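First the structure, in the form of structure tokens, and then the observations on it.
Since this is a predicted model, take the numbers as computed values, not measurements. Basis for what follows: all heavy atoms, side chains included, without hydrogens, waters or symmetry-related copies.
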Amino acid sequence: MTLQPDDVLDARDLPCPLPLLKAKQSLSRLAAGQVLEVLATDAGSWRDFESFIAQSAHEMPAREARGEVYHYWLRKGDGERSS
């Protein structure tokens, strides 16, 4: 799946929970419907982003692991359910 991100966050080499916290900050600067691509190397981020999306109004249309780098595409939702 090829998604054209509106912004890219390089969170590689940041320990948990920083990739998720930085992603939340980046999402807050985007308009609803825009896509953020996050690059992370923290293995725990796979579970962290899954939980975050389940509890928020945002969507994760795609995610994949490329070697030791995890790529997440997050689409900003219209509002927040919770954080």
Quiz item: Nearest 0.5 Å, what's the SG-CG distance between C16 and L18?
Solution: 8.0 Å
Quiz item: Distance-only, no hydrogens or angles: does the Q34 side chain make a donor-acceptor pair with backbone N or O of A31 under 3.5 Å?
Solution: yes
Self-check item: Heavy-atom side-chain proximity of P5 to L36 below 4.5 angstrom
Solution: no
Quiz item: Applying the 4.5 Å side-chain criterion to the ILVMFWY set and letting contacts propagate, would L30 and F52 be lumped into a single cluster?
Solution: yes
Quiz prompt | Verdict with supporting geometry, V38 and F49, side chain to side chain contact (heavy atoms under 4.5 Å, CB included) | solution = CA-CA 10 Å; V38 181; F49 278 97; 3.9 Å; yes
Quiz item: Please, which pairs that meet salt bridge (Lys or Arg N to Asp or Glu O under 4.0 Å) have at least one residue in residues 11-20, sequence neighbours excluded?
Solution: D10-R12
Quiz item: So which heavy atom on I53 is nearest to which on M60, and how close?
Solution: CG1-CB, 3.8 Å
Quiz prompt | With sequence neighbours excluded, residues passing side chain to side chain contact (heavy atoms under 4.5 Å, CB included) with A40 | solution = P19, S45, Y72
Quiz item: Do any pairs count as a salt bridge (Lys or Arg N to Asp or Glu O under 4.0 Å) and have a residue in residues 25-50, sequence neighbours left out, and if so which ones?
Solution: E50-R63
Exercise. Report yes if some heavy atom in the side chain of H71 is under 4.5 Å from a heavy atom in the side chain of R66; otherwise report no.
Key: yes
Exercise. Indicate, with yes or no, if L20 and W46 share a hydrophobic cluster defined by side-chain heavy-atom contacts under 4.5 Å among Ile, Leu, Val, Met, Phe, Trp and Tyr.
Key: yes
Quiz item: Are there more than 12 heavy atoms of other residues, nucleotides or ligands under 6.0 Å from atom CD of Q25?
Solution: yes
Self-check item: All salt bridge (Lys or Arg N to Asp or Glu O under 4.0 Å) counterparts of D6, not counting sequence neighbours
Solution: none
Quiz item: About how many Å separate OG of S56 and CG of L27, when rounded to the nearest 0.5 Å?
Solution: 8.0 Å
Practice problem: Please identify each residue that fulfils side-chain hydrogen bond (donor to acceptor under 3.5 Å, both in side chains) with D7, with sequence neighbours left out. | Solution: none
Practice problem: Go through the steps to decide whether H58 and L74 satisfy the test side chain to side chain contact (heavy atoms under 4.5 Å, CB included), and finish with yes or no. | Solution: CA-CA 7 Å; H58 308 304; L74 309 175; 5.6 Å; no
Exercise. Could you give me the CA-CA distance, side-chain angles and deciding distance for Y70 and T41, then say whether side chain to side chain contact (heavy atoms under 4.5 Å, CB included) is met?
Key: CA-CA 6 Å; Y70 302 95; T41 49; 5.6 Å; no
Self-check item: side chain to side chain contact (heavy atoms under 4.5 Å, CB included) evaluation trace for L14 with K22
Solution: CA-CA 10 Å; L14 294 178; K22 298 279 187 185; 4.2 Å; yes
Self-check item: Minimum heavy-atom distance between R75 and P61, given as atom pair plus value
Solution: NH1-CG, 3.8 Å
